[in-house]
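The block underneath contains the structure these notes are about, expressed in structure tokens.
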There are 2 protein chains.
Amino acid sequence: MERSAEDHLKILLRTRGLRFTPDRLRIFRALADAGKPVSVPVLISMVAEDGVNQATVYRTLEQFLAVAVVQTVLLHDGVVGYELIPPFSSHHHHFICLDCGAVQDLPAGRVDTALDKSLEGTGVRVMGHKVDIYGQCEKCHAESP
Amino acid sequence: MERSAEDHLKILLRTRGLRFTPDRLRIFRALADAGKPVSVPVLISMVAEDGVNQATVYRTLEQFLAVAVVQTVLLHDGVVGYELIPPFSSHHHHFICLDCGAVQDLPAGRVDTALDKSLEGTGVRVMGHKVDIYGQCEKCHAESP
DNA sequence: TCGTTATTGCGATTTTATTGCAAGAACAAG
DNA sequence: CTTGTTCTTGCAATAAAATCGCAATAACGA
């Protein structure tokens, strides 16, 4: 029998002394459904229908960050978005359109290898990284080249 | 005669129909003095001594973003920082310590080359990128390995 | 020097984020 | 299944951050 992402979340939370509650699951699902980074206000409105309180969203995100269920991503204009990270989503980078703000995932592959090499011998202990590419997406480029 | 960064700012602003004012210069200098990304609240308090109003800081940052004088950077825990970008500062990436939040610059070099290659043929029009590395800085690694 | 037009300060408002505490719920143990 | 401990949640107040309109001021091209 296979272990679902939600089972994994359950185990992860309990391991860290946190409880697996309906609200947390709703927030987790909202992030999974979005499939891209979402801002806090957006996330709040997504789960508001399910009766999840605003304060609960803030507190949950803080904990999800602490136990590495989510990470923050910088969208256009300094807006912060939250998204699931491995193993709840695939490892990837972002392409963010400066015109429309759309975010598309980029496979990690070659970039990661290059990154690892360029950090050899720096003395720091790398625990993760983010690579964000900015520009014009195909659609916007077609509309206003 | 050489052209200073402030002269360059002056020209850039005027080219874009913006004015070179004392307040904007103060904000620019505060960012230059900081030498690292600063959050809006911090920046506000830095220039408050010089009599620059809060609203002015927000408005100026918005414009500095628009004309590419600054860029936003994601610090630990979803905090957004602002910093000068080339040609007002050197092109670099960041290493952000997850323990103490310290930010140190990393030379761009090899990473950029690898990035360019990995985006060939994707159809997007790249206008810039950010690479942020997270982990433990040497100091924190020594204290709690 | 002057006129046009961007910029600023101020104060009010709105939005976003945080907090304390009592009631309720998760879950490990018996 | 029942119970007790401890984490979670809702609520509503509060704090903090960000936005806005408008009148006064200042930049700067002519």
Side-chain angles (χ1 to χ4, degrees), chain A residues 6-30 37-67 69-70 72-82 101, chain B residues 6-30 37-67 69-70 72-82 101:
Chain A
E6 293 178 3
D7 286 340
H8 189 178
L9 176 66
K10 188 175 188 174
I11 293 169
L12 174 57
L13 291 177
R14 289 190 180 164
T15 303
R16 303 291 294 264
L18 299 173
R19 291 177 182 171
F20 181 68
T21 69
D23 277 9
R24 285 177 185 168
L25 181 54
R26 288 189 188 103
I27 292 168
F28 178 85
R29 284 181 176 162
V38 292
S39 66
V40 176
V42 168
L43 183 59
I44 286 174
S45 71
M46 286 177 81
V47 296
E49 313 166 4
D50 306 325
V52 180
N53 188 278
Q54 193 203 52
T56 300
V57 174
Y58 282 105
R59 289 186 281 223
T60 300
L61 283 178
E62 193 177 346
Q63 288 164 323
F64 277 9
L65 271 177
V67 301
V69 168
V70 301
T72 51
V73 177
L74 193 47
L75 310 179
H76 54 109
D77 297 344
V79 174
V80 177
Y82 288 78
Chain B
E6 293 178 3
D7 287 339
H8 188 181
L9 176 66
K10 189 175 185 175
I11 293 168
L12 173 57
L13 291 177
R14 289 190 180 163
T15 304
R16 303 292 294 265
L18 299 174
R19 292 177 183 173
F20 182 68
T21 69
D23 276 7
R24 285 177 185 168
L25 181 54
R26 289 190 188 101
I27 292 168
F28 178 84
R29 284 181 175 163
V38 292
S39 66
V40 176
V42 167
L43 184 58
I44 286 174
S45 71
M46 286 176 79
V47 296
E49 314 165 6
D50 306 325
V52 180
N53 189 278
Q54 194 203 52
T56 301
V57 174
Y58 282 106
R59 289 185 283 222
T60 300
L61 284 178
E62 193 177 346
Q63 287 164 323
F64 277 9
L65 271 177
V67 300
V69 168
V70 301
T72 50
V73 176
L74 193 47
L75 311 178
H76 53 108
D77 297 345
V79 175
V80 176
Y82 288 78

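Residue numbering restarts at 1 for every chain, and letters A, B, ... go by the order of the sequence lines.
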Practice problem: Please say whether more than 12 non-hydrogen atoms of neighbouring residues, nucleotides or ligands are located less than 6.0 Å from CD in Glu62(B). | Solution: no

Quiz item: Base, sugar-phosphate, or nothing for Gly51(A), non-hydrogen atoms under 4.0 angstrom?
Solution: sugar-phosphate

Practice problem: Go through the structure and list residues passing side-chain contact (heavy atoms from CB on, under 4.5 Å) with Ile44(B), not counting sequence neighbours. | Solution: Val40(B), Gln54(B), Val57(B), Tyr58(B)

Find the distance [X]:[atom1] to [N]:[atom2] and express it as a whole number of Å.
| X | N | atom1 | atom2 | answer |
| --- | --- | --- | --- | --- |
| Leu25(A) | dC7(D) | CG | C1' | 17 Å |
| Leu13(A) | dT8(D) | CG | C1' | 12 Å |
| Ile44(A) | dT9(D) | CD1 | P | 14 Å |
| Ile27(B) | dG9(C) | CD1 | C1' | 13 Å |
| Lys10(A) | dA28(C) | NZ | C1' | 14 Å |
| Asn53(A) | dA12(D) | CG | P | 10 Å |
| Tyr58(A) | dA17(D) | OH | P | 13 Å |
| Arg16(A) | dT8(D) | CZ | P | 12 Å |

Quiz item: Closer to the 5' end of DNA chain D via nearest nucleotide, is it Leu18(A) or Gln54(B)?
Solution: Leu18(A)

Quiz item: 5'-most contact on DNA chain D: Arg59(B) or Phe20(B), nearest heavy atom basis?
Solution: Arg59(B)

With the side chain of [X] defined as its heavy atoms from C-beta on, choose the nearest nucleotide among [options].
| X | options | result |
| --- | --- | --- |
| Arg19(A) | dA27(D), dA18(D), dT5(D) | dT5(D) |
| Gln63(B) | dG10(D), dT6(D), dT7(C) | dT7(C) |
| Asp23(A) | dT9(D), dA28(C), dC28(D) | dT9(D) |

Quiz item: So, is Thr56(A) close to the dT8(D) phosphate, meaning a side-chain N or O under 4.0 Å from OP1 or OP2?
Solution: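 Result: no.
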
Quiz item: Taking only side-chain nitrogens and oxygens of Thr21(A), does any of them come within less than 4.0 Å of OP1 or OP2 of dC7(D)?
Solution: no

Practice problem: Would you kindly compare Gly17(B) and Val52(B) by the position of their nearest DNA chain C nucleotide and give the one closer to the 5′ end? | Solution: Gly17(B)

Self-check item: Contact nearer the 5' end of DNA chain C, comparing Ala55(B) with Ala55(A)
Solution: Ala55(B)

Practice problem: Would you check if the side chain of Asp50(B) reaches a backbone N or O of Val52(B) as a donor-acceptor pair within less than 3.5 Å? | Solution: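 Not confirmed, Asp50(B) side chain does not pair with Val52(B) backbone.
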
Practice problem: Supply the atom-to-atom distance Leu13(A) CG to His8(A) NE2, rounded to the nearest 0.5 angstrom. | Solution: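 So the gap between those two atoms works out to 9.5 Å.
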
Self-check item: Over all atoms of both residues, closest heavy-atom pair of Val69(B) and Leu9(B)
Solution: CG2-CD1, 3.9 Å

